[in-house]
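Quick caveat, the model's predicted, so the values are computed rather than measured. Computed from heavy atoms alone, side chains included, the values below leave out hydrogens, waters and symmetry copies. Proteins come first, then strands; the chains are lettered A, B, ... in the order of their sequence lines, and each starts at number 1.
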Protein chains: 2
Amino acid sequence: MHKYFTITELTREFGVSTRTLRFYEDEGLIHPERRGRTRLFRSADRHLIKEILRGRRLGFTINEIREIIEIYKGPPGELGQLQLMMTRVAEKRKQLNQKRQDIEDTLSELDHVDEACLARLAELRVGS
Amino acid sequence: MHKYFTITELTREFGVSTRTLRFYEDEGLIHPERRGRTRLFRSADRHLIKEILRGRRLGFTINEIREIIEIYKGPPGELGQLQLMMTRVAEKRKQLNQKRQDIEDTLSELDHVDEACLARLAELRVGS
DNA sequence: ACTTTCTTTTACGTAAAAGTCAATTTTTTG
DNA sequence: CAAAAAATTGACTTTTACGTAAAAGAAAGT
């Protein structure tokens, strides 16, 4: 079960360029193996890419995405580190809740716009 | 009720710089009045700024924000324009729903991390 | 073996979204 | 009304997140 992905497979799957994936590697977000000079991506990398792109869609910067990814790497052993991590999780949660609220607000304004459009359409049909 | 806001009042309220607000004006997103050269913001501008920042938090580009703002400007009269607008609303809604899904996914991963942290904490308390 | 197609590295380029600085107004306040 | 504080404009700089091009090594089909 050691399926490898080539870089172009992944670029096609996710609709990003090779440059982008290499950039993420330079940034230390993913760590594909090498056979000679060629990169070999495993499903762990593939999953990381998914998470990176998710963060990107949400408007997180690379550094913020890095933070989130590091959080995912699982809880550390030491107490202080654990507490620090839980603080960070709380912070991210707060940001995400803010974004969620922003989305709800925007969606509800779009609803109003939609209603106004429908009303105007109805007017047009009756014939103004 | 013609309350005007000065630029610094607004920068303080929203935590942005004057440069930022001028930038938004240059981009045609807001249109403060002028008394001489000084900008006078009305509550309509203030509200627009809120929406701009909301879009910014969601990772929309200035152009995307501009699109959203233009949508808010109310339905046009002509049929073709109306249909175009409703298409655009549908697109934005789709983007927002994607973002919402991304948020849910991320939040639930953070939940797992949190649980793992708590579990580890419990272990530590028992004494490993 | 040859051509085509991938891939890599290196390096420079760029667009978006402001930040920063400097030189003037303009406004406010003592 | 003079001095200080705030605002404006314009130019230049910065950061982020890649794009693009060149040159060359590797793989794979014919």
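- Considering only the side chain of B:R22, D:dT8 comes nearest among C:dC6, D:dC18, D:dT8.
- Comparing B:T20 and A:R34 along DNA chain C, the residue whose closest nucleotide (by nearest heavy atom) sits nearer the 5' end is A:R34.
- Here the rule is side-chain contact (heavy atoms from CB on, under 4.5 Å) with A:R100, and of A:I103, A:N97, A:L96 only A:N97 fits it.
- In summary, the side chains of B:Q101 and B:D105 do present a donor paired with an acceptor at a separation below 3.5 Å, with no hydrogens or angles considered.
- Phosphate contact (OP1/OP2 of C:dA18, side-chain N/O of B:Y24, threshold under 4.0 Å): present.
- Following rounding to the nearest Å, B:F5 (CZ) and D:dA7 (P) show an atom-to-atom distance of 15 Å.
- The nucleotide whose nearest atom lies closest to any side-chain atom of B:S17 is, among D:dC18, C:dT8, C:dG19, C:dG19.
- Under 3.5 Å, the side chains of B:T11 and B:T8 contain no donor-acceptor pair of N or O atoms.
- No N or O donor and acceptor, one from the side chain of A:R37 and one from the base of D:dG25, sit under 3.5 Å apart.
- With rounding to whole Å, B:L40 atom CG is found 11 Å from D:dA7 atom P.
- Take the nearest nucleotide of DNA chain D for A:R35 and for A:E27: the residue whose nucleotide is more 5' is A:E27.
- For B:I65 and C:dA16, the CD1 to C1' distance is 11 Å, given to the nearest whole Å.
- Evaluated for a side-chain contact (heavy atoms from CB on, under 4.5 Å) with A:L10, the options A:D45, A:L21, A:T18 yield exactly one hit, A:L21.
- Of the two residues contacting DNA chain D, namely A:T61 and B:T8, the nearest-nucleotide position lying further toward the 5' end is that of B:T8.
- Across all strands shown, A:R56 has heavy atoms under 4.0 Å from sugar-phosphate atoms exclusively, and none from any base.
- A donor and an acceptor atom never sit less than 3.5 Å apart when one is taken from the side chain of B:R39 and the other from the base of D:dT8.
- When the C1' atom of D:dC18 is taken as reference, atom CD1 of A:I62 falls 9 Å away, rounded to whole Å.
- Among D:dA7, C:dT7, C:dA18, the nucleotide with an atom closest to any side-chain atom of B:T38 is D:dA7.
- Taking atom CD of B:E25 as the reference point, atom P of D:dG10 lies 12 Å away to the nearest angstrom.
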